[in-house]
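Just below is one structure, and these are the notes that go with it.
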Amino acid sequence: MTANILKLNIFAALKMMLFPMAVITVFWKDQIGLSLSEILLVNVFFSSANLVMEYPSGYISDRLGYRISLVIACLFGIGGYVVYLVAENFWQVIGAELLLGVCYAFISGSDNALLYESLRAEGRSELYTRADGRMAGCAQIGEAGGALCAGLMYVTHPLLPFMAQIVVWSTALLVALSLKEPTAEKGPQISSHIGEALRISRYALTEKQVIRATMCFGLLLGLSSFYPVWLVQPFMQQCGVPLTWFGPIWAGANLMVAFCAYNSHKLLDRFSLQQMALLFIGLILCAYLGLGLTSMVGSFLFYFLLTAMRGLQGPIIRGLLQQRATRPMRASILSLHNLLFRLGYVVSGPVVGWISDRQGIQAAFLTLAACFAFLLPVAARSFLRHQRQDPLPASP
């Protein structure tokens with residue numbers, strides 16, 4: 001199980017070593033000819049595939065095993081980037097993104113659940129938030145490594161980042177095959193898998209209000225750091241940032257996520273959940289106001305506030321959800337949380353894209369600032385109230 005933790009850190013780095021990510025918006029715009037609305041729509045298709053498969057993949061992972069789920073994910077990842085090598089139009093890009101959406105649905109929840117169960121098998125589940133932060137840190141270091149040379153690779157040949165990505169996913173497949181599945185205690189006989197899946201959904205979304213409140217707050221935190229992923233690159237172009245800077249800037253943003261994720265448990269030990277929630281809200285509002293009100297070459301630095309928030313909140317929110325879940329529903333609960341995030345993006349992403357195309361990217365940033373200024377305090381209040389009313393058990 002100790003070897004599992006090391007291998008999961010390696011897998012996390014590989015799954016996020018996304019060479020195309022730092023230049024993907026530019027690739028879609030300049031090589032495929034997509035508009036900003038179409039770019040946001042591409043992500044809606046990705047999120048829709050992820051949305052449809054998110055909860056079923058988590059349930060399958062709980063039943064067949066976390067390792068099998070990660071192997072399936074790698075195969076879909078390889079297929080997605082093979083399609084990108086021949087993509088020439090909007091619908092071929094959609095095909096690639098559908099495969100990648102299924103890929104990340106199978107990863108979602110499975111890697112974190114396997115990490116928790118590996119720690120629990122050794123009686124060290126109380127270290128989960130720290131271990132999750134380190135795994136998230138490895139993921140962002142992997143993404144930073146991919147981004148660091150992405151701009152140079154793209155300038156050399158636009159398809160070179162996608163070729164490198166196939167090699168990355170092939171390596172991740174080998175790592176996934178080497179993982180060990182922790183022994184699971186036998187639960188009650190399941191007469192209907194659909195009925196059991198619906199029971200877990202009811203438990204998380206209606207019966208256990210603290211889980212629902214945690215998911216809703218995490219949903220808004222996740223969305224706040226996700227919209228700029230697709231808008232910050234054209235924003236940097238507008239501000240006159242050289243294309244060769246894109247890779248190092250993307251690497252720096254991901255190193256910020258890694259640093260904050262790695263140290264999130266230290267802040268949680270020092271500060272209360274209420275103070276952390278206020279910190280998250282403050283970082284989000286400062287970032288969006290800075291991006292919306294300034295247009296200098298260095299204005300992209302406000303984006304780093306969102307990456308810091310992303311790194312801090314991820315391990316904390318996942319840790320709270322893990323401690324509320326049991327083995328037969330662990331990946332399902334995490335997948336359900338990610339499903340809500342994808343659903344939120346599918347509904348709101350096209351609207352953000354429409355505002356960006358019609359009113360400008362900075363108008364979109366200011367609109368998002370206003371929306372989050374209203375929604376985050378409401379969600380945070382509910383989250384904190386339910387945490388107080390239903391405190392964590394002594395033994396997760």
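One-based numbering along the sequence shown. Just so it is clear, the model here is predicted, and its values are computed rather than measured.
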Could you check Ser170 against Ile78 for side-chain contact (heavy atoms from CB on, under 4.5 Å), going step by step and ending with a plain yes or no? CA-CA 7 Å; Ser170 300; Ile78 292 170; 3.8 Å; yes
Would you check if [X] and [Y] make a side-chain contact, meaning some heavy-atom pair closer than 4.5 Å?
{"X": "Ile24", "Y": "Tyr154", "answer": "no"}
{"X": "Leu64", "Y": "Ser69", "answer": "no"}
{"X": "Arg324", "Y": "Val210", "answer": "yes"}
{"X": "Met163", "Y": "Tyr81", "answer": "no"}
{"X": "Arg124", "Y": "Leu127", "answer": "yes"}
{"X": "Arg202", "Y": "Lys208", "answer": "no"}
{"X": "Ile317", "Y": "His337", "answer": "yes"}
{"X": "Val241", "Y": "Phe235", "answer": "no"}

Please check if the distance between the ring centroids of Phe19 and Phe162 is under 6.0 Å. no
Pair Thr214-Gln387, side-chain hydrogen bond (donor to acceptor under 3.5 Å, both in side chains): steps then yes or no: CA-CA 8 Å; Thr214 303; Gln387 291 292 333; 3.0 Å; yes
Taking all non-hydrogen atoms of both residues into account, name the closest pair between [X] and [Y] and its distance.
{"X": "Pro182", "Y": "Leu114", "answer": "CD-CD1, 3.3 Å"}
{"X": "Ala136", "Y": "Arg318", "answer": "CB-NH2, 3.9 Å"}
{"X": "Ala113", "Y": "Leu334", "answer": "N-CD1, 4.0 Å"}
{"X": "Ser382", "Y": "Ala213", "answer": "OG-CB, 3.7 Å"}
{"X": "Met309", "Y": "Ser225", "answer": "CE-CB, 3.9 Å"}
{"X": "Leu179", "Y": "Arg67", "answer": "O-CD, 3.0 Å"}

Check the pair Tyr116 / Gln322 against side-chain hydrogen bond (donor to acceptor under 3.5 Å, both in side chains), numbers first and verdict last. CA-CA 8 Å; Tyr116 189 92; Gln322 291 273 27; over 6 Å; no
Find the distance between [atom1] ([X]) and [atom2] ([Y]) and round it off to the nearest 0.5 Å.
{"X": "Lys15", "Y": "Leu8", "atom1": "NZ", "atom2": "CG", "result": "9.0 Å"}
{"X": "Phe76", "Y": "Met53", "atom1": "CZ", "atom2": "CE", "result": "7.0 Å"}
{"X": "Ile39", "Y": "Asp357", "atom1": "CD1", "atom2": "CG", "result": "8.5 Å"}
{"X": "Ile5", "Y": "Leu119", "atom1": "CD1", "atom2": "CG", "result": "4.0 Å"}
{"X": "Leu219", "Y": "Asn338", "atom1": "CG", "atom2": "CG", "result": "10.5 Å"}
{"X": "Met135", "Y": "Leu6", "atom1": "CE", "atom2": "CG", "result": "12.5 Å"}

Group every Ile, Leu, Val, Met, Phe, Trp and Tyr by side-chain heavy-atom contacts under 4.5 Å, then state whether [X] and [Y] land in the same group.
{"X": "Leu343", "Y": "Val102", "value": "no"}
{"X": "Leu85", "Y": "Val42", "value": "yes"}
{"X": "Val83", "Y": "Leu100", "value": "no"}

Remaining members of Tyr262's ILVMFWY cluster at a side-chain heavy-atom cut-off under 4.5 Å? none
Should side-chain heavy atoms under 4.5 Å link Ile, Leu, Val, Met, Phe, Trp and Tyr, which residues sit in the same cluster as Trp354? Val351, Ile355
Mark yes or no for whether [X], through its side chain, and [Y], through its backbone, hold a donor-acceptor pair below 3.5 Å.
{"X": "Ser57", "Y": "Ala105", "result": "yes"}
{"X": "Gln209", "Y": "His386", "result": "no"}
{"X": "Asn263", "Y": "Phe259", "result": "yes"}

Residues 274-289 side chain polar contacts: donor-acceptor under 3.5 Å, at least two apart:
{"from": "Gln275", "atom 1": "OE1", "to": "Ser272", "atom 2": "N", "distance (Å)": "2.9"}
{"from": "Gln275", "atom 1": "OE1", "to": "Ser272", "atom 2": "OG", "distance (Å)": "3.4"}
{"from": "Tyr288", "atom 1": "OH", "to": "Ser224", "atom 2": "O", "distance (Å)": "2.6"}

Taking only residues two or more places apart in sequence, or in another chain, which ones meet Gln165 in a side chain to side chain donor-acceptor pair (under 3.5 Å)? none
Going by side chain to side chain donor-acceptor pair (under 3.5 Å), name the residues that satisfy it together with Tyr303, two or more places apart in sequence or in a different chain. none
Given Cys74, which partner from the list Ile107, Leu173, Val168 fulfils the side-chain contact (heavy atoms from CB on, under 4.5 Å) test? Leu173
Donor + acceptor pair across side chains of Lys7, Asn4 (<3.5 Å): no
For a side-chain contact (heavy atoms from CB on, under 4.5 Å) check, start with the C-alpha distance between Gln140 and Leu255, then their side-chain angles and the critical distance, and finish with the verdict. CA-CA 6 Å; Gln140 299 311 137; Leu255 288 175; over 6 Å; no
CZ (Phe90) with more than 12 external heavy atoms under 6.0 Å: yes
Which pairs of donor and acceptor atoms, one on a side chain in residues 361-377, lie under 3.5 Å apart (sequence neighbours left out)?
{"from": "Gln362", "atom 1": "NE2", "to": "Leu291", "atom 2": "O", "distance (Å)": "3.1"}
{"from": "Gln362", "atom 1": "NE2", "to": "Gly292", "atom 2": "O", "distance (Å)": "3.4"}
{"from": "Gln362", "atom 1": "NE2", "to": "Thr294", "atom 2": "O", "distance (Å)": "2.5"}
{"from": "Thr367", "atom 1": "OG1", "to": "Ala363", "atom 2": "O", "distance (Å)": "2.8"}

From Phe226, Phe217, Tyr104, residue fulfilling ring pair (Phe, Tyr, Trp, His ring centres under 6.0 Å) relative to Phe341: Phe226
side-chain hydrogen bond (donor to acceptor under 3.5 Å, both in side chains) between Glu97 and Tyr84: does it pass, once the steps are laid out? CA-CA 9 Å; Glu97 289 295 315; Tyr84 255 123; 2.6 Å; yes
For side-chain contact (heavy atoms from CB on, under 4.5 Å), just list the numbers for Leu320 and Phe383, CA-CA rounded to whole Å, side-chain angles, deciding distance to a tenth of an Å, and then say yes or no. CA-CA 11 Å; Leu320 292 171; Phe383 164 71; 3.7 Å; yes
Parallel, tilted or perpendicular, judged at 30° and 60°: which one describes the rings of Tyr345 and Tyr227? tilted
